[in-house]
K.L.:
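The structure follows.
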2 protein chains.
Amino acid sequence: MISVDAFDLKILTALQDDGRLTNQELADLAGLSASQCSRRRMRLEEEKVISGYHADLSSEALGFGVIAFIQVGLATHSPDNSKRFRALVNRIDEIQEAYSLTGDADYVLKAVLRDLKGLSNLVNDVLMPHQSVAHVRSSIVLDRLKESAKLPLRELKAG
Amino acid sequence: MISVDAFDLKILTALQDDGRLTNQELADLAGLSASQCSRRRMRLEEEKVISGYHADLSSEALGFGVIAFIQVGLATHSPDNSKRFRALVNRIDEIQEAYSLTGDADYVLKAVLRDLKGLSNLVNDVLMPHQSVAHVRSSIVLDRLKESAKLPLRELKAG
DNA sequence: TCCCGTTTGCACGCTCCTTGCGTGTCTTAT
DNA sequence: ATAAGACACGCAAGGAGCGTGCAAACGGGA
């Protein structure tokens, strides 16, 4: 079992905020020496508690003006059809997130696009015509209140 | 205006995949020298094209078993009420993403929780009773096909 | 109390980062 | 056509950061 103590939590919280922190900076934040932070960080990476590090790019600066949520209903719920749909989703870079949900729709996709033409293209020329898909309904994001991938570690106690 | 050339795109693409890449590794990938990659990276950070670096933590390893999408309708659409709701969303760490959308609901939230009890607590004890909120409908994620925050830089041409 | 496994801080050799500098290229004005 | 300026490049050097070895400190069980 993976055990994460209070020091690990401080390190994880800090790296979640800034993935380029120096071991010395981590040490100052966590109250440890730099070498120890290095060792703990390596262990957390080894155990896949830290699954990776990523640069966060500005969609505005790079000209991605449209975010959309797309609800998709499948034509049939056969394993084959699901597989086809998953393969489709995986090869479309514009789809950042994809989930199957309880409730109305079979799947919800979150897509990032350059403009509405890009959304139209994705919905009408890629998703709709695909054999696995029965119906599609898209909602455009008007305002982004919050967008991060940070886990709420605050409440976690050492284990 | 921010200009991003083909070298910058290679650097951004690489850092989006691995935010801890060495300047030398970037150099090998982009076909530049390490010092030049350092300079370009600093410029991209300065211009906020790179808005930050983050460690990606494993929700499974840390015991977050539930992801939910929560559709929220506001009681009124007055500016005051919106403001109250936004403040609420901002101070709840379990809410990773929050958007206002076209279509049925006013807002959609994505929340990460330890278990269903955590979701129940968020929906019934925090969101529902809040004065700004009229109705709430939550959908639980059954399966995560894809989850990243990578922008589809593939298609971008130098500008 | 003693023992053993674990965790820690420190020191050191090695890698990596950044800045200064000289060179080559492209653009613009004469 | 040519001179001058701006820009991006690679190289080299000095300084910062990284990870491993090691000995000391700590903590739980016999």
Side-chain angles (χ1 to χ4, degrees), chain A residues 1-58 61-63 150-151 153-159, chain B residues 1-58 61-63 150-151 153-159:
Chain A
M1 182 53 191
I2 296 169
S3 86
V4 173
D5 69 9
F7 286 127
D8 291 331
L9 276 184
K10 284 189 185 178
I11 291 173
L12 292 173
T13 304
L15 285 176
Q16 206 174 209
D17 268 331
D18 183 352
R20 284 233 153 196
L21 282 174
T22 288
N23 285 328
Q24 186 56 56
E25 291 169 318
L26 277 179
D28 295 341
L29 291 170
L32 279 175
S33 67
S35 58
Q36 213 51 14
C37 284
S38 171
R39 275 188 269 253
R40 280 173 179 269
R41 204 161 53 75
M42 282 190 295
R43 180 173 57 77
L44 291 167
E45 289 166 7
E46 192 80 19
E47 289 170 343
K48 304 287 180 199
V49 178
I50 298 173
S51 57
Y53 299 88
H54 304 283
D56 201 358
L57 307 186
S58 160
L62 290 165
K150 292 183 195 166
L151 296 178
L153 299 179
R154 191 62 53 91
E155 21 166 329
L156 248 64
K157 298 292 164 238
Chain B
M1 180 54 189
I2 296 169
S3 87
V4 172
D5 69 9
F7 287 127
D8 291 331
L9 276 183
K10 284 188 185 180
I11 291 172
L12 292 173
T13 303
L15 286 176
Q16 207 173 207
D17 269 330
D18 182 353
R20 284 232 150 196
L21 283 175
T22 289
N23 285 328
Q24 186 54 58
E25 291 169 319
L26 276 179
D28 294 342
L29 290 169
L32 278 175
S33 67
S35 58
Q36 213 53 13
C37 284
S38 172
R39 276 188 269 252
R40 281 174 177 267
R41 203 159 54 74
M42 283 189 294
R43 180 173 56 77
L44 291 167
E45 291 165 7
E46 192 80 21
E47 290 171 344
K48 304 288 181 198
V49 177
I50 297 174
S51 58
Y53 299 89
H54 305 282
D56 200 357
L57 308 186
S58 160
L62 291 165
K150 291 182 196 167
L151 296 179
L153 300 179
R154 191 62 52 91
E155 22 167 327
L156 249 62
K157 297 295 165 233

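Here is the naming used below: chain letters follow the sequence lines, and residue numbers restart at 1 for every chain.
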K.L.:
Roughly how many Å is it from CG in A/Asp5 to P in C/dT6, rounded to a whole number?
P.N.:
15 Å

K.L.:
Rounded to the Å, how far apart are B/Gln36 CD and C/dG24 C1'?
P.N.:
13 Å

K.L.:
Side-chain contact, heavy-atom cut-off 4.5 Å: B/Arg41 with B/Glu45?
P.N.:
yes

K.L.:
For the side chain of B/Arg39 and the base of D/dG10, is some donor closer than 3.5 Å to an acceptor across the two?
P.N.:
yes

K.L.:
At 4.0 Å (heavy atoms only), tell me whether A/Arg43 reaches a base, stays on the sugar-phosphate, or touches nothing.
P.N.:
nothing

K.L.:
Is the side chain of A/Ser51 donor-acceptor paired with the backbone N or O of B/Ser58 at a distance under 3.5 Å, no angle test?
P.N.:
no

K.L.:
Pick the nucleotide of DNA chain C nearest each of B/Arg41 and A/Ala34; which residue has the one closer to the 5' end?
P.N.:
A/Ala34

K.L.:
Quick one: A/Leu26 CG to C/dT8 C1', roughly how many Å, whole number?
P.N.:
16 Å

K.L.:
Atom CE of B/Met42 to atom C1' of D/dA8: distance rounded to whole Å?
P.N.:
14 Å

K.L.:
Measure the distance from CG on A/Asn23 to P on D/dC18 and round it to the nearest whole Å.
P.N.:
4 Å

K.L.:
Any non-hydrogen side-chain atom of B/Asp17 less than 4.5 Å from a side-chain atom of B/Lys150?
P.N.:
yes

K.L.:
Give the minimum heavy-atom separation between B/Thr22 and B/Glu25, together with the two atoms involved.
P.N.:
N-OE1, 2.7 Å

K.L.:
Between B/Gln16 (side chain only) and A/Leu57 (backbone N and O only), is there a donor and an acceptor less than 3.5 Å apart?
P.N.:
no

K.L.:
Can you list, by residue number, the residues of residues 12-22 of chain A that have a non-hydrogen atom closer than 4.0 angstrom to DNA chain C?
P.N.:
none

K.L.:
To the nearest Å, how far apart are A/Arg40 CZ and D/dG19 P?
P.N.:
15 Å

K.L.:
Please evaluate the base of D/dC11 for a donor-acceptor partner in the side chain of B/Ser33 within a cut-off of under 3.5 Å?
P.N.:
no

K.L.:
Tell me the closest heavy-atom pair linking A/Ala27 and A/Ser33, and the distance in Å.
P.N.:
CB-C, 3.6 Å

K.L.:
May I have the distance from A/Leu32 (atom CG) to D/dG19 (atom P), rounded to whole angstrom?
P.N.:
15 Å

K.L.:
Judged by atom type as modelled, is there a donor-acceptor pair below 3.5 Å linking the side chain of A/Ser38 to the main-chain atoms of A/Ala34?
P.N.:
no

K.L.:
OP1 or OP2 of D/dC18 sitting under 4.0 Å from any side-chain N/O of A/Ser38?
P.N.:
no

K.L.:
To the nearest angstrom, how far is A/Phe7 atom CZ from D/dC26 atom P?
P.N.:
13 Å

